Amino acid sequence: MVRSRPYGRRRTALLALGLVTIFIWLFSHYRSPSGHSHVSTVAHGEFWRQFQPLLTQWGPNCNPPERLAKADSVGFDPKNTEQPPSLILLPDEDVLKMKHAHSNFVHAIAKDPPALAYQPGTRGIVSTAGGSYLPVLVISLRMLRQTGSNLPMEVFLADWDEYDGYICQVALPSLNAKCVLLSAILDTVPDSKTKIKKYQYKPFAMLFSSFEEILFLDADAFPLQKPELAFSSEPFKSKGLITWPDFWGPTVSPLYYVISSQERPAPNIRQSTESGEVFISKRTHLRTLLLVAYYNYWGPGYYYPLLSQGAAGEGDKETFIAAATVFNEPFYQVSEPIRALGRHTNNGFAGSTMVQYSPMEDYALTKKGEWRIKGSTVPAPKPFFVHINFPKFNPATVLEEDGPVVKEDGSYTLAWTAPEEVIESFGLDLQRQLWGEIRWTACALDGKSISWKGQTGICEKVEDYWNIVFR
């Protein structure tokens, strides 16, 4: 007996659906020859559906603390033993509520943490960008590739509004990088993304990345040496978490230590943190990263003011070491102080860039008791990162009047002319190399990047600068 056509169509449809399902599964779990490990959005969504309820269940459960004043941003002094003032007002009953919530969240993730979705044994770079930050990231990524590193990169965007088709589909894949939409994961729990804004994205990008060992890089930061060297050396091998210092001393409120059930440390143990670069292992520091996410989820109203009290750069920067300390998990903060790069103007020194130093060399010195920040006169470690924090060297805006390379009379100049000893430490060719990549990006993306829509002549302006300054 011949089967009816409707049955045959159903069988064909089911077979096609099965093949599509298998293809999607294989694609989402395929690891490309370039080093990208593809972990499915479904797997990340499953983790988020387990983790997000913990974030909300053990939220502070009280009104946000009141700011009495902003802490002064004072340079770090290893001889200073005076604790920063308490500038946060929080009633005793609210302190107890936050302490109770913090304790229960810590207990929940210590006892049975939700499983992260990542590819074991992988290393990669994670960043967050979108809009005008994407062209800046392309420049930074091209500078990274100049070191010889081919580590894959995942660039997290908030949602489709930040998606740039040409950069995400052409420019980044050619550099072994890809765009990932945070909204595709966060939307698996309705309305959860409304609690997470741009300055809170960093730990969630790290959680949702497909790598086991991560170097997080701000879009405007790039290494001067291969990051692979740090992954395979001390202190990362034994510590699993590396951070870099900021210019300032710590300004943590004493109430944070009450809430987190810790003794208040001396103020001269370490500098405050600059979190534009963070090395972390998910395998060894899962609980630290989950607590970092908690501090950032509740950061703007609660933990940011508690950890910084309004000092310069308040945000996610202090959450990494704070979380690691709660769990007594190892970490290493580079001791070599950060340096500012810029040029002298009629109004004084105009800094635009930060230089941060080799964790391997710094660790070797401190293991021998050679703490340069405490007065040792041994030679400094080599520069390891350049972080062009303000203003951003976006080709569409960097040449505007009053920009970092435009003098008071309107003529062009180098962005970095001081301090001379810092420039000499990484070589004068670095600026030429950087502007070569700015020039390439300006011309490659001109008329193609949606963040430059309506702007014309970007390539020509950068070519003009290049010819005047470097040729």
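The shown structure was predicted, so the numbers you read here are calculated from the model rather than taken from an experiment. One is the number of the first residue; the rest follow in order along the sequence.
- Defined by atom type and a distance below 3.5 Å, a donor-acceptor pair is present between the side-chain atoms of Ser376 and Glu370.
- For an aromatic pair to be called close, the ring centres must be under 6.0 Å apart, and Phe156 with Phe204 fails this.
- Put simply, the side chain of Ser275 reaches to within 4.5 Å of the side chain of Phe320, judged on heavy atoms.
- The side-chain heavy atoms of Val386 and Trp416, taken from C-beta on, include a pair separated by under 4.5 Å.
- Within the structure, every pair that satisfies the salt bridge (Lys or Arg N to Asp or Glu O under 4.0 Å) test and touches residues 377-391, not counting sequence neighbours, is listed here: Glu361-Lys382.
- When Gln119, Glu154, Lys178 are each tested for a side chain to side chain donor-acceptor pair (under 3.5 Å) with Ser210, only one passes: Glu154.
- Every pair passing side-chain hydrogen bond (donor to acceptor under 3.5 Å, both in side chains) that includes a residue from residues 229-244 is listed here, sequence neighbours excluded: Glu234-Ser238, Thr243-Gln333.
- Ser449 and Ser451 share a side-chain donor-acceptor pair at under 3.5 Å.
- For the pair Asp362 and Arg372, the salt-bridge criterion is not met [side-chain N within less than 4.0 Å of a carboxylate O].
- In Tyr133, the OH atom is not crowded: 12 or fewer heavy atoms of neighbouring residues, nucleotides or ligands sit closer than 6.0 Å.
- The number of heavy atoms from other shown groups lying within 6.0 Å of CD (Glu421) is above 12.
- Salt bridge status for Lys317 with Glu274: absent, with no side-chain N to carboxylate O gap under 4.0 Å.
- For the pair Tyr363 and Ile242, the minimum side-chain heavy-atom distance is 4.5 Å or more.
- A 4.5 Å side-chain heavy-atom check between Met98 and Leu255 finds every atom pair outside the cut-off.
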